[in-house]
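First the proteins, then the strands, lettered A, B, ... as listed; each starts at 1. Keep in mind the model is a prediction, meaning the values are calculated, not measured.
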Protein chains: 2
Amino acid sequence: MTRRRSATLRDVATSAGVSRTTASYILNGRADEMRISSSTVAKVQAAVADLGYRPNRSARSLRTQRTATVGLISDQIAGEQYGSSMLTGASLAARELDHLVVMGESGGDPDLERLLIEEMLERDVDGVVYATRTARAVRLPLGLRGVRSVLLNCEAPAERLASVVPDDEGGGRAAAAVLLAAGVQDVVVVGQDPTLEATAGPRRMAGIRAELATRGIEVAHHVACDWSVPEGFEATRRWLAGGGRAAGLICMNDRLAMGAYQALAEAGLSVPEDVSVVSFDGSSLADWLRPAVTSVELPFAELGALAVRRLLDPDDRGGVVSVPMAVRHGGSVRR
Amino acid sequence: MTRRRSATLRDVATSAGVSRTTASYILNGRADEMRISSSTVAKVQAAVADLGYRPNRSARSLRTQRTATVGLISDQIAGEQYGSSMLTGASLAARELDHLVVMGESGGDPDLERLLIEEMLERDVDGVVYATRTARAVRLPLGLRGVRSVLLNCEAPAERLASVVPDDEGGGRAAAAVLLAAGVQDVVVVGQDPTLEATAGPRRMAGIRAELATRGIEVAHHVACDWSVPEGFEATRRWLAGGGRAAGLICMNDRLAMGAYQALAEAGLSVPEDVSVVSFDGSSLADWLRPAVTSVELPFAELGALAVRRLLDPDDRGGVVSVPMAVRHGGSVRR
DNA sequence: ACCACATGCTGAATCGTGTCAGCAGAATGC
DNA sequence: GCATTCTGCTGACACGATTCAGCATGTGGT
């Protein structure tokens, strides 16, 4: 950091011929309140521009206890395929509110998580966003008790905290609605949540059921498997081999859709002529498949941005906010 | 941040019955140097533990001009498919060196980039990692002149800066070597860099040529297209339709491999029986294809970690460091 | 002529730490 | 026995900002 020592407030004050106090008031927008004449204001502003003055944040933080910095702590989202857009959203929203994001990835290790939280609090972050890769129920880490924080992509049902999650139930309804609109009458769902805490699966399922129920239809079959490409392939293949057929397939994510595509192709079934497919995520993977999968988008960037905005909004009343999931149309649904 | 005001150094000193100075020396590991008796050290340490003392970083930074914080500024890596692991690597390496990462994503907008750099410097980061999504030549932003910094996944040839990049040429040799070992004699390359600044393509190409040359072989054909799934599909299809055939295909990344797979399947050619395929990236996409593609891995996490380590290593002499790319074997090469 | 009040600014304390210079007292050298 | 060195600590200033309390000066009312 060999950088010319930058100008301080004292330099500005001297150069403008006023006291540090006056310069400080002007720079903090309290000129009117303090009845400072416009000519003085102009002199100070000229000095600021002239010297290229930039306030020293450490000094300011020492006085004000605020750092214009937010912490973002996550289990896996930084190195994750799609979820990492949450970081982009958070970073941009922070920037708009004149903050920067301090990032820490715990890899799911509670000790590392505790350490990272400690480090962030030592640095006086103005708040912490606690994010998870998969939507699920969590308990707020002890280190964050009493700290201003917002949960991102997760909820702590017991604790009535501010939390931002995708509207998976609405997404489920939208997915089913796409198939219904295409005249599909028998719907099979591929993918089942592996863990108890995960919320995405059950909610999407509830949405699907609710939407189908409006036409008096039930889910024809549920192909149970983890949410990965090979599992999707194997499970779908087994189901097809057992004589399973359906006009509509809803895959719990795009990777499952990829696996299902592979199994369908192997069985000589084509999309969308023989089977219409809808999935969740709206990842680029959905676009890469042929035909592109119609997918209900996880609004990751928006989730990240909203979490930061709520964190920095002093009027936020807490509670869970669900962000709608939009349908991104591909060519995987018969028309 | 409603958190009980934590203990200060003064509290520790009072509680231990020594001066602030003494306590400070002990906490900074200068007890021996300052010839402080072990009994005094013990008293202070007890007080620290007792009060749960944590130093105030803002105050310390104000004095020392160091924040135990590094900036990471990037164009697109936060929301990127594979590159975001660079963030994970950087975050972990920083943590190991008792630092935190302040992140900023510019989206390629030079104005935003300048703003982010300004904000980071105001916050006195101990250095800045400047990262790009795709390996390429860059010019160091003006705001980073004179600032301790390391380039990540990019180089500034004119400026002799510390820089960490993948060894694309070595990767190219490795890719070709895999095919040669499988007895492949005619190799076609898919994918051509779209921009002048991009370094990955030319270097991989050079490596491929060099390795093939050891057997007196030349690249049989170069299928020119951008590095995306649909481009890979279309370009490969056109090439096949024009009668193109080869025993070995090297795709410049995994997305191109996916596109090539689609075209090969459409042409009734199977992998690896008819065509052996090798690609670059080592992304999860490579695993998802059937058969999984043998792919030369981009060591993103390692790149990110190394960039941070070099940034914080006062003895680092600058210059470009290339990180080797390992081959991740799938089932896409005939044996 | 005197008080009250508004106007436009400033002095000085404060946030919590790091570190230079120095100061007693004990030990050592000759 | 006195100068010197070592031991073990402390006082005070600095870092760069924010902010409370107060101080001249002008202005209007009676």
Q: Under 4.0 Å between any heavy atoms, over every strand shown, what does A:Arg30 touch: base, sugar-phosphate, or nothing? Just pick one.
A: sugar-phosphate
Q.
Could you tell me how far apart B:Arg35 (CZ) and C:dG25 (P) are, to the nearest whole angstrom?
A. 17 Å
(Q) What is the distance, to the nearest angstrom, from the OH atom on A:Tyr53 to the C1' atom on D:dT18? (A) 11 Å
(Q) Distance criterion of 3.5 Å, no angle test: do you see the side chain of A:Arg60 paired donor-to-acceptor with the base of D:dT18? (A) no
Q) So among A:Leu151, A:Val128, A:Leu161, which one has a side-chain contact (heavy atoms from CB on, under 4.5 Å) with A:Leu144? A) A:Val128
Q) So which nucleotide from C:dT17, C:dC9, D:dG16 ends up closest to the side chain of A:Ala59? A) D:dG16
**Q.** Value rounded to 0.5 Å, distance of OG1 in A:Thr132 from CG in A:Leu152
**A.** 7.0 Å
Q.
Is there a side-chain contact between B:Thr8 and the phosphate of C:dG16, meaning an N or O under 4.0 Å from OP1 or OP2?
A. no
Q. In whole angstrom, what separates B:Leu9's CG from C:dC15's C1'?
A. 14 Å
Q. Under the 3.5 Å rule, do the base of C:dG11 and the side chain of A:Thr21 count as making a donor-acceptor pair?
A. yes
Q. Base, sugar-phosphate, or nothing for B:Thr64, non-hydrogen atoms under 4.0 angstrom?
A. sugar-phosphate
Q) Quick check: does any side chain N or O of A:Arg123 sit under 3.5 Å from a backbone N or O of B:Ala68, one acting as donor and the other as acceptor? A) yes
(Q) Measure OH/A:Tyr25 against P/D:dG16 and give the value in whole Å, please. (A) 21 Å
**Q.** Exceeds 12 heavy-atom contacts within 6.0 angstrom, atom CG of A:Asp109
**A.** yes
Q) For A:Asn28 and D:dT19, what is the distance between atoms CG and P respectively, to the nearest whole Å? A) 7 Å
Q: Taking the side chain as every heavy atom from C-beta outward, state whether B:Asn153 and B:Arg133 have any pair of such atoms under 4.5 Å apart.
A: no
Q | Value in whole Å for how far the P atom of C:dG16 lies from CD of A:Gln65 | A | 6 Å
Q. Is a donor-acceptor contact shorter than 3.5 angstrom present between the side chain of B:Arg10 and the base of C:dT17?
A. no
Q: Determine the contact category for B:Thr40: base if any of its heavy atoms lies under 4.0 Å from a base atom, sugar-phosphate if only primed atoms, P, OP1 or OP2 are that close, otherwise nothing.
A: sugar-phosphate
Q.
Just to be sure I understand the rule, does A:Arg20 reach a base, reach only the sugar-phosphate, or reach nothing, if contact means heavy atoms closer than 4.0 Å?
A. base
Q: Please determine if a side-chain N or O atom of A:Ser24 lies less than 4.0 Å away from the OP1 or OP2 oxygen of D:dT18.
A: yes
Q: Indicate whether any N or O donor in one side chain lies under 3.5 Å from an N or O acceptor in the other, for B:Thr88 and A:Glu105.
A: yes
Q | Euclidean distance, atom CE of residue A:Met34 to atom C1' of D:dT18 [Å, nearest integer] | A | 11 Å
(Q) By the 4.0 Å heavy-atom rule, please label B:Thr22 as base, sugar-phosphate, or nothing. (A) base
Q. Does a distance-only test, which skips hydrogens and angles, find a donor-acceptor pair under 3.5 Å between the side chain of A:Arg63 and the base of D:dT18?
A. yes
Q. Hey, does B:Ser37 reach any base, or is it just sugar-phosphate, or nothing, if we go heavy atoms under 4.0 Å?
A. sugar-phosphate
**Q.** Gap between atoms CG and P, on B:Leu62 and D:dC13 respectively (whole Å)
**A.** 17 Å
